[in-house]
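Have a look at the structure below, then the notes.
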Amino acid sequence: MKRRNLLLGGALLPLGHGGAAQQASRDALSDTSPLQTANELRQTPDLAASLADLGLAPGDCFALMDGSRYALLPPEATDHDLPLPGDALNQKLRVLPSDGRILLASWGIAPLSPARDGPDPASAPDISEALTRAVARAMANHAELVLPPGMMRVTRPGALLARDLAGRHDGLRISGAGQQSTVLVYDPEDASEPLLWNNNSVLGLRLARLTLYTDVPGAVFARCYGSGISQDHQFIDIAFRGRWGIGIEMVPDPDTGAAGNNNSEFLFDRVHSAVYLDPFTLLLGRSSDQNLNYWFRNCKLWGWVTIARLHKGGHLHISDCDVSGYAPKAANYLVELLGDNHARGVCACSIRNLRVELKTEQALLLRSEWPSGTIDISGLDLSSQTYRMTPAAPVIELILGEGRGPILSVSDTQFAGQLRVDNHGQKGSDQALIAFTRCSFFHGAGPDEVVIYDGSKAPRRIPDMIFRDCRGTARRDRGLWDCNLGALLGGACRIESHQALLPADGSAQRLPKGARIEALVDPATLTPVPGLRLWSAGHDVTPVPGRPLPVSDGTPVALRPEPGATFPGMCLLRYRA
């Protein structure tokens, strides 16, 4: 019986044992002549010697051949892992290399051609059962599962991973032959149930080089619950096409409702989405505040798409991506940073070198409800399709609640539409900061035409909204923008000119030639500082209220305290250039 299991067990073992044995099996692969029938090998009196004559060592894998169908047979396989032809004992034996991969094609899968005008996806073979067995074997042997070129259909939810998978499994790698070459069609009866359900069981998932397609509106590709295990996942060279609703969804514990404490390190690299008929969210986070390190790199995200919607904070980075054909049929944001309660977790978002085609008035960029943290946008290009936008489109919407509020920094950007700021808390955000630097605006001749501010519920909590070296539409009388719009709206910090911090220790700072000094104030209280004098080239140039004094030669200025005076460590100098 032991020898029968060796030959007829059925299933996959990708890992060979011993370099010499692996080389021998590879050499044997080049010989296409049949080596021996399975029945003959089973009946040999000295099985070990017969295997050695074939260049095989215990643990190497070999296969039964039936035309183009292959089944890899490892020594420890069990009979139920893979159904074999009834005449398996009379099939010819061929040695296959065991280089750490499991080839799904060896299981008798016959995919349809995935050509552009190829067959109906619904006619592709249903590989649900074979895929589940192959994934289990890949995890058991720490092997890469390779899907063949062609179109294959999966009808059973959880066929890639099931919600009831028990235990911890470190590492699962699944790859195809490339986008548009390997097409996995998801065709479930229930669109809400995902193809892959990682219920805190798999660490280090890798999915690469294939297209995921569905005709089922709102279908979910993957759902994850994490409490320390479901993390370190990578999705590389993947395409989502058809009518997907959600790519990756992170949820609380499906059994208890507990939020969990980890869904971290998710990388999306060269991911392409082309979902046009329905809203598609690539990453949806409903779970805890331990959502750290989400990276989107070199992605093409087209159609009606949301890149990420995070409910409870997160550490999100988007870089070098393109959003073309962005034409949602209802108001839609590429990024949503929602304000559900969480335990003061990380709130950090950066967007670098993102190009977006805003093809409808509902095509919007970012909405934030974060109570704190930073949002850093640099190199954003909204210049394409700007003629489709109205000036009142809230491309970025910042909802401020009670607390410190976030810091929003936008730099080196071509900006369309408007920024809408809503300070809706009863106490309002008292430290929120909005800063635009080196930006060009297509819809507005001045900052007051770019920012729409609603502070009716918190009239005394106006955030700083600073513009530096920005420009608007071609009205020559406005020039470059260099102001604090928050001050103009009645904010506490009324800075209508340039400012510089000077240490009150006598060290000097050079001001621009022709600077007109206006005031010396305490940066904490914004009130004049008594007993502090400003000197330039040995002359007292301390300004008198209402009588600014020029610094005509551009020489350095320094602070000097009067004898016995007390003063802050730093002083705020206001001047006009």
Side-chain angles (χ1 to χ4, degrees), residues 12 14-15 100 102 131-145 154 156-175 184 186 192-208 210 212 220-236 238 246-269 271 281-297 308-317 340 342-348:
L12 301 173
L15 300 178
I102 295 173
L131 185 61
T132 296
R133 290 194 303 270
V135 168
R137 181 58 60 182
M139 287 191 294
N141 295 283
H142 303 285
E144 177 183 6
L145 173 59
V154 179
R156 195 186 75 241
L160 272 177
L161 278 180
R163 170 179 163 175
D164 59 359
L165 179 65
R168 169 174 172 164
H169 306 268
D170 290 349
L172 172 59
R173 184 182 297 272
I174 303 173
S175 64
L184 204 59
Y186 189 40
S192 67
E193 289 300 313
L195 175 59
L196 186 155
W197 219 132
N198 188 359
N199 190 3
N200 199 42
S201 57
V202 175
L203 172 71
L205 175 66
R206 302 289 187 269
L207 196 69
L210 72 155
L212 299 165
V220 180
F221 167 63
R223 183 168 293 145
C224 300
Y225 160 64
S227 183
I229 297 178
S230 178
Q231 56 182 307
D232 186 20
H233 299 336
Q234 296 181 7
F235 305 90
I236 299 174
I238 301 292
I246 298 173
I248 317 297
E249 180 182 23
M250 300 179 296
V251 298
D253 188 326
D255 299 317
T256 68
N261 64 8
N262 206 303
N263 270 303
S264 301
E265 286 78 50
F266 280 54
L267 170 64
F268 300 83
D269 189 356
V271 171
T281 303
L282 180 53
L283 178 67
L284 175 59
R286 306 181 190 274
S287 53
S288 76
D289 63 321
Q290 295 296 317
N291 295 323
L292 305 180
N293 304 327
Y294 302 130
W295 301 288
F296 296 83
R297 300 173 181 168
R309 180 183 296 123
L310 302 180
H311 283 251
K312 297 187 175 185
H315 199 244
L316 174 67
H317 303 282
D340 290 1
H342 61 293
R344 293 180 295 176
V346 171
C347 290

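Looking at D253, its side chain never comes within 3.5 Å of a backbone N or O of G257 through a donor-acceptor pair. Of the possible polar contacts, none joining the E249 side chain to the I246 backbone as a donor-acceptor pair under 3.5 Å is found. Side chain of T256 to backbone of A258: a donor-acceptor contact under 3.5 angstrom is found.
Here I174 contributes atom CD1 and E144 contributes atom CD; the two are 9.5 Å apart, rounded to the nearest 0.5 Å. Separating the CG atom in D232 from the CG atom in L205 is a distance of 9.5 Å, to the nearest 0.5 Å. Expressed to the nearest 0.5 Å, how far NE2 of H233 lies from CG of L172 amounts to 9.5 Å. To the nearest 0.5 Å, atom CD1 of residue I236 and atom CZ of residue R297 are 9.5 Å apart. Within the model, atoms OG of S201 and CG of L161 stand 6.0 Å from one another, a figure rounded to the nearest 0.5 Å. Distance check, rounded to the nearest 0.5 Å: SG of C224 to CG of L284 gives 11.0 Å.
Residues L160 and T132 have side chains not in contact (no heavy-atom distance under 4.5 Å, counting atoms from C-beta outward). A 4.5 Å side-chain heavy-atom check between F268 and I248 finds at least one atom pair inside the cut-off. The shortest distance between side-chain heavy atoms of R173 and L145 does not fall below 4.5 Å. Between F266 and M250, the closest side-chain pair of non-hydrogen atoms falls below 4.5 Å. Side chains of L310 and Y294 form a contact here, defined as non-hydrogen atoms less than 4.5 Å apart.
Evaluation of the side-chain hydrogen bond (donor to acceptor under 3.5 Å, both in side chains) rule for H315 yields N293, H317 as partners, not counting sequence neighbours. R163 is linked by a side-chain contact (heavy atoms from CB on, under 4.5 Å) to W197, N199, P254, D255, counting only residues two or more places apart in sequence or in another chain. Looking at residues two or more places apart in sequence or on another chain, you find no side-chain hydrogen bond (donor to acceptor under 3.5 Å, both in side chains) involving D164.
Contact detail for Y186 and E193: the closest heavy-atom pair is OH-O, 2.7 Å. Between P194 and R223, the closest heavy-atom pair is CD-NH1, 3.4 Å. Considering every non-hydrogen atom in both N200 and I229, the closest pair reads OD1-N, 3.2 Å. Heavy-atom minimum distance, A159 versus V154: CB-CG1, 3.4 Å. Residues L210 and L207 approach most closely at CD2-CG, 3.9 Å, considering heavy atoms. Across every non-hydrogen atom of S287 and N263, the tightest pair is OG-ND2, 3.3 Å.
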* Going through the distances and angles, do H142 and D170 end up as a side-chain hydrogen bond (donor to acceptor under 3.5 Å, both in side chains)? -> CA-CA 8 Å; H142 303 285; D170 290 349; over 6 Å; no
* Asked: Going through the checks in order, is the side-chain contact (heavy atoms from CB on, under 4.5 Å) test met by L203 and Q231?
  -> CA-CA 6 Å; L203 172 71; Q231 56 182 307; 3.4 Å; yes
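Using cut-offs of 30° and 60° for the angle between ring planes, the F235 and F221 rings count as perpendicular.
A side-chain contact (heavy atoms from CB on, under 4.5 Å) with F296 is found for exactly one of V271, L267, L316, namely L316.
More than 12 heavy atoms of other residues, nucleotides or ligands lie within 6.0 Å of CZ in R156, so this atom counts as buried by the packing criterion.
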